[in-house]
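First up is the structure itself, then whatever we jot down about it.
Every value quoted in this text rests on a predicted model; they were computed, and no experiment measured them.
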Amino acid sequence: MRKMDLQQWDSNEEFMEAYSYRKKTFEKIEIRYEKEDFFVEDLQKNNLLKIESSKGFLGLF
């Protein structure tokens, strides 16, 4: 996500705080940014991030 953002960020912490601010300001979505685990958890909870397992691909190659 950070690499795809229009702005360049020096750290994950800066990106998470800014992303959280934008979501709260423009979409009224609360995303915690104090820890990466909280950030990812809130992204998933708000359907902004989906993490899929790669287990289904193990036997295909």
CD of Glu17 to CD of Glu34: how many Å apart, nearest 0.5 Å?
8.5 Å
Any chance you could measure Gln8, atom CD, to Lys3, atom NZ, to the nearest 0.5 Å?
11.0 Å
Would you call Lys45 and Asp42 a salt bridge, taking side-chain N to carboxylate O under 4.0 Å as the test?
yes
Going hydrophobic residue to hydrophobic residue with side-chain gaps under 4.5 angstrom, can you get from Tyr19 over to Ile51?
yes
To the nearest 0.5 Å, tell me how far Met16 CE sits from Met1 CE.
10.5 Å
Approximate separation, where rounding is to 0.5 Å, of Leu49 CG and Glu41 CD:
12.0 Å
Approximate separation, where rounding is to 0.5 Å, of Arg32 CZ and Leu43 CG
10.5 Å
Asn46 side chain to Leu48 main-chain N or O, any donor-acceptor pair under 3.5 Å?
no
Does Tyr33 OH have over 12 foreign heavy atoms under 6.0 Å away?
no
Which heavy-atom pair separates Thr25 from Lys28 by the least distance, and what is that distance?
O-NZ, 3.7 Å
Spacing of CD belonging to Glu13 relative to CZ belonging to Phe39, to within rounding of 0.5 Å:
11.0 Å
Between Asn12 and Glu36 the two heavy atoms that sit nearest each other are ND2-OE2, 3.0 Å
